[in-house]
Amino acid sequence: MAPYTPARFIDLHVVQPVPASLLNRGEDNEPKSMLYGGVMRSMVSPQAWKRAIRMDMEQELGEHAVRTRNLPLKVAEALTQASWPAELATFAGAQVVRSASMSGLSIETAQKGITSALLYIRRDSLDQLTDLCQEHRQALEEGLAEQQAVAVDTKERKKTGKKDDSTPAVLPTKQVAAIIKQRTATINLFGRMLAEVADAGIDGAVQIAPAFTVHQSDAQPDYFTAVEDWSLPGQSGSAHLQTGFFTTGVLYRYTTVNLTELTTNLDGDHNRALHLLTLYARTFIDSLPQAKRTSTAPHTLPHLAHYTVRDRRPVSYAAAFERPVRHAHGGGHTRPAIEALSEYARQISRLFGTRHLVAAGHAALDETPLDHLGARHDSFDALADALTAAATGKETT
């Protein structure tokens, strides 16, 4: 039986003011936005924030994963650096993906044989796969010789973009698949899709919503120039002219962790799940996407973090801001946003009841009491410890 039945969900709600920034841009190179409540809001995609969280967590844990389509190329590069002939190294890299399953991983032959799907694997898998190729070098040499002796219709394969099913697997499939299926803490948290290798996929225990401003926020132009320091005689003006865009605003951020799912992903390791929950909470609060950081330095911290521990299902408070928050008298959206969040929490508890609400708490920059956000904690670290304890039914103050 799962350690938490029914499922245990930990929701984190964050209110964070961010000055001029470009945390996340779209294909037009302008800040991402969304229409909500009839007004345009600045938005940061969950993928952008998830990457920032993943990088920070992996640095803290010393346990790194990598998302890549270049696995066969990286294997070939590593073998070439180990003095393998280039043709044999390339064949070995291709064999890694060919031997990953009975039919192999799909590849893009027109793009140097990169994988069609983005793989999410342990970073040290590259070393393990390279060592495996070293161990089976004779078989790879024989396989390459056999391939060279057989006429292959490469023209048709390049036209269709299909994997070469005529090439037999040389490396041991079970060993290659076992290496690719290995997981890290962040893979267990965020999940992985890889249908071509049996049992490699895993459901994510974490969900992250797009962050958005609680008020209307339009992209603002920033016309800038770069001066030519070595101007020639008679030359005037700037060496570079451009208009960039930035946004400002107070963001609402939300994530939820399914502690039951995370424990299952960790093969029932309850203590490891709790450790990752604490670290994830701290990292989610502290993390920040790094786009355009050298020219905006938007390194603010949240002014409020609020958690709830629930069974049955998570609950987002995004609807608290469907009606855009009006700035306070004299300016500022942060305090009105926090008050709107607190009031919405009260209304949700009234409407749906609290029988599935296990615990709640908050930490805030402003020491003004917030009656509807649960126990008050003095710091974000204390809040992370408290939510983890509360998730086990051992709530602390």
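If you're wondering where the values come from, they're calculated on a predicted model, not measured in any experiment.
Within the 4.5 Å cutoff, side-chain heavy atoms of Arg282 are placed close to those of Asp381.
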Report the C-alpha separation of Gln148 and Glu87 in whole Å, then their side-chain angles, then the decisive distance to 0.1 Å, and conclude whether the side chain to side chain donor-acceptor pair (under 3.5 Å) test is met. CA-CA 11 Å; Gln148 292 171 333; Glu87 194 170 11; 2.9 Å; yes
Checking side-chain contact (heavy atoms from CB on, under 4.5 Å) for the pair Glu146/Glu141: CA distance, chi angles, key distance, verdict? CA-CA 9 Å; Glu146 182 179 346; Glu141 290 173 335; over 6 Å; no
Please assess Val176 against Ile179 for the test side-chain contact (heavy atoms from CB on, under 4.5 Å), listing each intermediate value before the final yes or no. CA-CA 5 Å; Val176 175; Ile179 292 171; 5.9 Å; no
Would Ser106 and Glu196 count as a side chain to side chain donor-acceptor pair (under 3.5 Å) if you check the C-alpha gap in whole Å, the side-chain angles of each, and the deciding distance to 0.1 Å? CA-CA 8 Å; Ser106 296; Glu196 294 177 294; 2.8 Å; yes
Tell me, with the steps shown, if Gln220 and Asp218 meet side chain to side chain donor-acceptor pair (under 3.5 Å). CA-CA 6 Å; Gln220 302 177 52; Asp218 298 313; over 6 Å; no
Criterion side-chain contact (heavy atoms from CB on, under 4.5 Å) on Leu61 and Leu279, from CA distance to verdict: CA-CA 9 Å; Leu61 292 166; Leu279 180 58; 3.6 Å; yes
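Under the side chain to side chain contact (heavy atoms under 4.5 Å, CB included) rule, Val206 has a single partner from Leu189, Asn258, Leu262, Thr256, which is Leu189. When each of Glu58, Lys50, Arg192 is paired with Thr186, the side-chain hydrogen bond (donor to acceptor under 3.5 Å, both in side chains) condition holds for Glu58 and for no other. If you run side chain to side chain contact (heavy atoms under 4.5 Å, CB included) between Leu304 and each of Ile285, Leu373, Leu365, only Leu373 comes through.
No donor-acceptor pair closer than 3.5 Å links the side chain of Thr213 to the backbone N or O of Gln216. With Ser125 contributing its side chain and Ile121 its backbone, the two residues share no donor-acceptor pair below 3.5 Å. Gln16 places a side-chain N or O within 3.5 Å of a backbone atom of Thr300 that can act as its donor or acceptor partner.
Residue pairs meeting the ring-ring contact (aromatic ring centres under 6.0 Å, His included) criterion with at least one member in residues 7-59, sequence neighbours excluded: His13-Tyr254, His13-His306, His13-Tyr317, Tyr36-Phe212. Applying the salt bridge (Lys or Arg N to Asp or Glu O under 4.0 Å) definition to pairs two or more places apart or across chains, those involving residues 9-23 are Asp11-Arg310.
Comment: Arg272 does not engage Asp267 in a salt bridge, judged by the lack of any side-chain N to carboxylate O separation of less than 4.0 angstrom.
Taking the centre and axis of the six-membered ring of Phe284, the NZ or CZ atom of Arg253 falls inside the cone set by 45° and 6.0 Å.
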